[in-house]
Amino acid sequence: MNFELNFDSKELAKLGILETFFKRKLKHYLTKKVQKSLNTEQQLKIINDWKKKNSIKSNSELEEWLHLYELNMDEWINLINSDYQWSYWCMNKYKDELSQYFIKRKDYLDLYYYTIIKVKNKDLADEIYIRIKEEESTFEEIVNNFSNDNEIFYAEKIGPISLNNIEDPIASLIKIGDLNQLFQPKSLNEFWFILRKDNVLKAEFNNQQKIKLSLELGEKFLHNRFIENQKQRNI
């Protein structure tokens, strides 16, 4: 692939945007040959989504934005279409890999719901666990009894959330546990926590998921190309 960048890399590195700049330039290079045309409905959706994201509510506001960023209408359309073109490029490049990649990533694509109670004292944690386990009290009753004492007691229902966003000791239990399973008290960050796994939303291998996964692979590709480029420049 014939791809070169001419820029002051040291200045961009000092600003902390060297990799971002490289990725954007490479994405532009890769997608400029994409011949995927947009129909009127698709183009209108892209325009409306962009205007909503950028709080543009009128033609005059759009004209002001174009003037500020020194773009004409055609340049603006090309800019806002770039995400669509990049998605199309990624889907086309990785279409034969997505099924296996989905299986590999599935545990982290599922969304989990759980209830957690944290207390400072192990004896209290053991007492609460036994009361819930023996059905002497429900999670909700425990929360109502202790909720005013925030110094030693904390409780929350959490979800939907992916394993990536859960602390490792909790995520490891959530991943292997059965629905409605109550876990014995575990120590974490000076607290003892009691955990109940409430629900799981299983990820589906649908078109939306395929786009998400292809973009993940595309981002890895861009990062790897950046690393390769930097190594070559430093040889």
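Hydrogens, waters and symmetry mates are skipped; everything else that's a heavy atom, side chains included, is used.
Remark: Lys231 does not engage Glu228 in a salt bridge, criterion side-chain N to carboxylate O under 4.0 Å. Ion pairing between Asp107 and Arg105 fails under the 4.0 Å rule for side-chain N and carboxylate O. Ionic pairing of Lys23 and Glu219 is present here: one or more N-O contacts between side-chain nitrogen and carboxylate oxygen are shorter than 4.0 angstrom. Ion pairing between Glu19 and Arg24 fails under the 4.0 Å rule for side-chain N and carboxylate O. By the 4.0 Å N-to-carboxylate-O rule, Arg131 lies close enough to Glu127 to be salt-bridged with it.
The two residues Leu111 and Ser162 come nearest to each other via the heavy atoms CD2-N, 3.9 Å. Residues Ala125 and Val119 approach most closely at CB-CG2, 3.5 Å, considering heavy atoms. Across every non-hydrogen atom of Ser58 and Ser60, the tightest pair is OG-OG, 3.0 Å. Closest of all the heavy-atom pairs between Cys90 and Gly218 is SG-CA, 3.8 Å. Residues Leu182 and Ile132 come closest through the heavy atom pair CD2-CG2, 3.6 Å. Smallest separation of non-hydrogen atoms from Glu61 and Ser55: OE1-O, 3.6 Å.
Using bins of under 30°, 30° to 60° and over 60° for the plane-to-plane angle, the ring pair Trp89/Trp86 lands in the parallel bin.
Under the 4.5 Å side-chain contact rule for hydrophobic residues, Ile176 and Leu195 do not share a cluster. Following chains of ILVMFWY side-chain contacts shorter than 4.5 Å, one can reach Phe183 starting from Leu179, so the two form part of one hydrophobic cluster. Under the 4.5 Å side-chain heavy-atom criterion for Ile, Leu, Val, Met, Phe, Trp and Tyr, Tyr88 and Leu215 are members of the same hydrophobic cluster. Note on Leu26: it clusters hydrophobically with Phe21, by side-chain heavy-atom contacts below 4.5 Å among ILVMFWY residues. Put simply, Leu201 and Tyr112 are part of two different groups of oily side chains (I, L, V, M, F, W, Y) that touch within less than 4.5 Å, one to the next.
Counting heavy atoms from C-beta outward, Phe193 and Ile117 have side chains that stay 4.5 Å or more apart. Proximity of Lys197 to Leu173: side-chain heavy atoms (C-beta onward) are nowhere separated by under 4.5 Å. In this structure, the side chains of Lys202 and Val200 come closer than 4.5 Å at one or more pairs of heavy atoms. With contacts defined as side-chain heavy-atom distances shorter than 4.5 Å, the pair Trp192/Pro185 qualifies. Contact of the Leu109 side chain with the Leu213 side chain is registered, since non-hydrogen atoms from C-beta on lie closer than 4.5 Å. Residues Ile161 and Tyr113 have side chains not in contact (no heavy-atom distance under 4.5 Å, counting atoms from C-beta outward). In this structure, the side chains of Ile116 and Ile170 come closer than 4.5 Å at one or more pairs of heavy atoms. Under the 4.5 Å side-chain criterion, counting only non-hydrogen atoms from C-beta, Ile47 is in contact with Gln43.
For Glu141 (side chain) and Thr138 (main-chain N/O), a donor-acceptor pair under 3.5 Å exists by modelled atom type.
Qualifying ring pair (Phe, Tyr, Trp, His ring centres under 6.0 Å) partners for Phe205, counting only residues two or more places apart in sequence or in other chains: Phe102. Residues that satisfy the side chain to side chain contact (heavy atoms under 4.5 Å, CB included) test with Asp178, not counting sequence neighbours, are Gln181.
Under a cutoff of 6.0 Å and an axis angle of 45°, Arg196 and Phe139 form a cation-pi pair. Annotation: cation-pi geometry satisfied between Lys93 and Phe221 (NZ/CZ under 6.0 angstrom from ring centroid, within 45° of ring axis). Phe191 carries Lys120 over the face of its six-membered ring, with the cationic atom under 6.0 Å from the centre and within 45° of the normal.
Between the side chains of Gln184 and Asp126, no donor-acceptor pair of N or O atoms lies under 3.5 Å.
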Leu222/Phe22 under side chain to side chain contact (heavy atoms under 4.5 Å, CB included): CA gap, chis, key distance, verdict: CA-CA 8 Å; Leu222 294 174; Phe22 178 92; over 6 Å; no
Lys51/Lys57 under side chain to side chain contact (heavy atoms under 4.5 Å, CB included): CA gap, chis, key distance, verdict: CA-CA 7 Å; Lys51 286 182 176 179; Lys57 299 178 181 178; over 6 Å; no
Trp65/Leu71 under side chain to side chain contact (heavy atoms under 4.5 Å, CB included): CA gap, chis, key distance, verdict: CA-CA 9 Å; Trp65 190 94; Leu71 295 174; 3.7 Å; yes
Side chain to side chain contact (heavy atoms under 4.5 Å, CB included) between Thr31 and Ser82, worked out: CA-CA 8 Å; Thr31 59; Ser82 60; 5.8 Å; no
Full working for side chain to side chain donor-acceptor pair (under 3.5 Å) between Gln85 and Asn78: CA-CA 10 Å; Gln85 293 165 338; Asn78 289 334; 5.5 Å; no
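Within 6.0 Å of atom NZ in Lys106, more than 12 heavy atoms from other residues, nucleotides or ligands are found, so the atom counts as buried in its surroundings. The neighbour count for Glu156 CD, taken as heavy atoms of other residues, nucleotides or ligands under 6.0 Å away, is above 12. When the shell of 6.0 Å around CD of Glu70 is examined, it contains 12 or fewer heavy atoms from other residues, nucleotides or ligands. Shown here is Asp168, whose CG atom has no more than 12 heavy atoms of other residues, nucleotides or ligands within 6.0 Å. Other residues, nucleotides and ligands contribute only 12 or fewer heavy atoms inside 6.0 Å of the NZ atom of Lys45.
Summarising the geometry, atom CZ belonging to Arg225 is positioned 15.0 Å from atom NZ belonging to Lys27; distances are rounded to the nearest 0.5 Å. Distance check, rounded to the nearest 0.5 Å: CG of Asn54 to CH2 of Trp50 gives 4.5 Å. In this structure, OG on Ser137 lies 4.0 Å from CD1 on Ile142, to the nearest 0.5 angstrom. Note that the OG atom of Ser87 and the CG atom of Asn81 stand 11.5 Å from one another [nearest 0.5 Å]. Residue Leu217 holds its CG atom at 6.5 Å from CG of Leu98, rounded to the nearest 0.5 Å. For the atom pair Glu41 CD and Leu44 CG, the distance stands at 8.0 Å (nearest 0.5 Å).
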